[in-house]
Amino acid sequence: MRATSQCRVCAGTVHEFFDFGRQPLSDAFVDRAGAAEEFSFRLATGICASCSMVQLMEEVPREEMFHEDYPYLSSGSAFMREHFGRLAERFRTSELAGPDPFIVELGCNDGIMLKHLADAGIRHLGVEPSGRVARLAALKGINVRNDFFEESTAKSILAAEGRADVIYAANTLCHIPYIASILRGVTTLLAPDGVFVFEDPYFADIVERTSFDQVYDEHFFFFTAQSVQAMAEHHGLELVDVERLPVHGGEVRYTLALPGSRSPAPAVAGLRAEERTWRLSEFETLQRFGARVRENCEELVLLLTRLRDQGKRVVGYGATAKSATVLNYCGIGPDLLAFVCDTSPTKQGKLTPGSHIPVRPPGEFTESYPDYALLLAWNHAEEIMAKEQGFRDAGGKWILYVPEVHVA
Ligand code: SAM
Ligand code: TMP
Ligand code: ZN
C-alpha cells in the first residue's frame, strides 16, 4: 500500500508517487561537518485524487526554513533582474496605472522586483519573513514588513493601507503549505477588480525535463493550470490568465481574480487542453517520471565515479537549493566534487547541507579551471555558460543532468 496524506488545498486524498528518502533542509548550509545535528525529514511527492494538486507528503515547519539567516539572494542573477524589471514595468503601465495604486508582494526577498516600483514612487509593501533579505530590500528604499503573509497579516495590511490592486508572489506561493490561509488573505485584501499574480515552477516542465531536483523542502506545491484552477474555485477565486515563462527551468505565471470580475483569457482553456494531452494527472505518467529520475541519478553517479577514477578534477557550479536533492539523493559528496562555487556570500565558506561539500567563491573556479563542472544551477545555464566562456576555451566541459545526463 502506498502512503497517503490529506490535500492542503481541498482535503482530498493525496497518493504518494515518489520517495526521495530522508533529506536535509535545502538551504541549511552548515559551518562544519558534525558541528550540530542536521534537521532531516522524509521528502516525498504525491498527487491529490480530487483536485490533482501535486504536493509534498510531509511539511517542514516554516520557521526552520525562513528565518534571519535564509541565504537565498534573488538579485544574484542578471537574467532574473531583467525578468523582474520587465514585469515591474508591465505592472506600472497596466494594473498600477490608475490613481494611487497599491501593490503587495509576498516573498519580496532582497527587493529584486519591488525596487523598480519603489523607484517609480508607487505605493507598495513587501512581506518577507526572512530577516536578512528583508533588510537588504529595506536598504533599497522598499517598504518591507518582516513577517509571514497569511490571513491575519492581510487583515492588518488592509486596515493600514486599504485594498491592493495587485498582490504578487514569485517563487513563493509554491513554498506555502498553509495555502488556505493565504487565499483567504488574498480575497480579504484584493480590490474588487484587482489581480493576484504568482509565478512558480510548472509541473508539466518538471515531468517533461525530468527536473526532479525542483523537489525539495521549500517547494511544497507543484502547480498546473488544472490544479490552480481547482484551487482558485475551491477558495473563492477564478483563474483568468496563464503565461508560460522561460525562467528557472520553466514556470507559469498565473493570474487570479475575484469571480466574474475579469473574463478569462483564451490561454487558460488552451493550456488546460494541452495538459489533458500530456496526461499529467495520471498515475502511470508519474510512475514513468519516477523511473526516469532513478535512471538519471544512476547515470550521473556512474559518470562522476568514472571521472574521479580517471583522475579528473570535477567541481559543482551553483550551490542551489535544488542541488541538495541531487547531491543527497544520489549520494554525491566531496569525494566526487572537490567544491561547489557560488556567488552568494551567505553560502561561501560553508558546507552543502547533508552532502558536506565546501562552498567557495567563483574566483576559485576561474583561478584554476577544473576538467569538468557539474552545473547544479542548470536553470541559469545560458547566463553562466556565457559568463564562464573562458572555462570552455581552456578545454573545460560542463556536465548537465537535466533533461538527461550529458556532457556539453
Ligand atoms: N520572489 C523572490 C524570487 O522570485 O527570487 C524570492 C523567492 S524565495 C525562493 C522565496 C521567498 O519567500 C523567501 O524570501 C521566503 O522568506 C519567502 N516566504 C516564505 N514564506 C512566506 C510567506 N508566508 N509570506 C511571505 N513570504 C514568504
Ligand atoms: P536558484 O537556482 O534557486 O536561483 O539558485 C541559484 C544559485 O546559483 C544561487 O545560490 C546563486 C548561484 N549562482 C551563481 O553562483 N552564479 C551565477 O551566475 C548565478 C546566476 C547563480
Ligand atoms: Zn486536493
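Remember, it's 1-based here, ligands and their atoms both numbered in the order they're listed. The first residue in the sequence is number 1, and the count goes up from there. Values reported hereafter were calculated over all heavy atoms of this structure, with side chains retained and with hydrogens, waters and symmetry mates removed. The model shown is predicted, which means the values in this text are computed figures rather than measured ones.
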task = Show which atoms of ligand 2 fall inside a sub-4.0 Å distance from at least one heavy-atom site of Ser344.
result = 9 (C), 10 (O), 11 (C)
Heavy-atom nearest option to atom 1 (P) of ligand 2, drawn from Glu383, Glu388, His380 = His380
note = So the atoms of ligand 2 within less than 4.0 Å of a heavy atom of Lys347 turn out to be 9 (C), 10 (O)
key: Cation-pi geometry met for Arg2 and Phe283 (6.0 Å, 45°)   = no
request  = Write out the residue and atom name of the closest protein heavy atom to atom 17 (C) of ligand 2, then the distance separating them to 0.1 Å.
outcome  = Lys387 NZ, 3.4 Å
key: Pair Phe212 + Phe18: ring centers closer than 6.0 Å   = no
note = of all protein heavy atoms, closest to atom 19 (C) of ligand 2 is Ile384 CD1, 4.0 Å
message = For atom 9 (C) of ligand 2, what's the nearest protein heavy-atom neighbour? Residue, atom name and distance, please.
response = Asp342 OD2, 3.5 Å
query = Considering distance alone, does some N or O of Thr343 sit under 3.5 Å from an N or O of ligand 2?
reply = yes
inquiry  = Under 3.5 Å between any N/O of Lys322 and any N/O of ligand 2: does that happen in this structure?
reply    = yes
key: Options Val247, Val340, Thr320, ranked by nearest heavy atom to atom 7 (C) of ligand 2, top entry   = Thr320
Can I get a per-line list of side-chain donor-acceptor pairs under 3.5 Å for residues 401-408, giving both atom names and the distance, sequence neighbours left out?
{"unit_1": "Tyr401", "atom_1": "OH", "unit_2": "Asp213", "atom_2": "OD2", "d": "2.7"}
{"unit_1": "His406", "atom_1": "ND1", "unit_2": "Glu404", "atom_2": "O", "d": "2.7"}

remark   = Ranked by distance from atom 3 (O) of ligand 2, the top protein heavy atom is Tyr72 CE1, 3.3 Å
Put together the list of close N/O pairs, under 3.5 Å, between ligand 1 and the protein, could you?
{"unit_1": "ligand 1", "atom_1": "1 (N)", "unit_2": "Gly107", "atom_2": "O", "d": "2.8"}
{"unit_1": "ligand 1", "atom_1": "1 (N)", "unit_2": "Ala170", "atom_2": "O", "d": "2.9"}
{"unit_1": "ligand 1", "atom_1": "4 (O)", "unit_2": "Ala170", "atom_2": "O", "d": "3.3"}
{"unit_1": "ligand 1", "atom_1": "4 (O)", "unit_2": "Asn171", "atom_2": "ND2", "d": "2.8"}
{"unit_1": "ligand 1", "atom_1": "5 (O)", "unit_2": "Ser74", "atom_2": "OG", "d": "2.7"}
{"unit_1": "ligand 1", "atom_1": "12 (O)", "unit_2": "Thr172", "atom_2": "OG1", "d": "3.3"}
{"unit_1": "ligand 1", "atom_1": "14 (O)", "unit_2": "Asn109", "atom_2": "ND2", "d": "3.2"}
{"unit_1": "ligand 1", "atom_1": "14 (O)", "unit_2": "Glu128", "atom_2": "OE1", "d": "2.8"}
{"unit_1": "ligand 1", "atom_1": "14 (O)", "unit_2": "Glu128", "atom_2": "OE2", "d": "3.2"}
{"unit_1": "ligand 1", "atom_1": "16 (O)", "unit_2": "Glu128", "atom_2": "OE2", "d": "2.5"}
{"unit_1": "ligand 1", "atom_1": "16 (O)", "unit_2": "Ser130", "atom_2": "OG", "d": "2.7"}
{"unit_1": "ligand 1", "atom_1": "23 (N)", "unit_2": "Phe149", "atom_2": "N", "d": "3.4"}
{"unit_1": "ligand 1", "atom_1": "23 (N)", "unit_2": "Phe149", "atom_2": "O", "d": "3.3"}
{"unit_1": "ligand 1", "atom_1": "23 (N)", "unit_2": "Tyr178", "atom_2": "OH", "d": "2.8"}
{"unit_1": "ligand 1", "atom_1": "24 (N)", "unit_2": "Phe149", "atom_2": "N", "d": "2.9"}
{"unit_1": "ligand 1", "atom_1": "26 (N)", "unit_2": "Gly107", "atom_2": "N", "d": "3.2"}

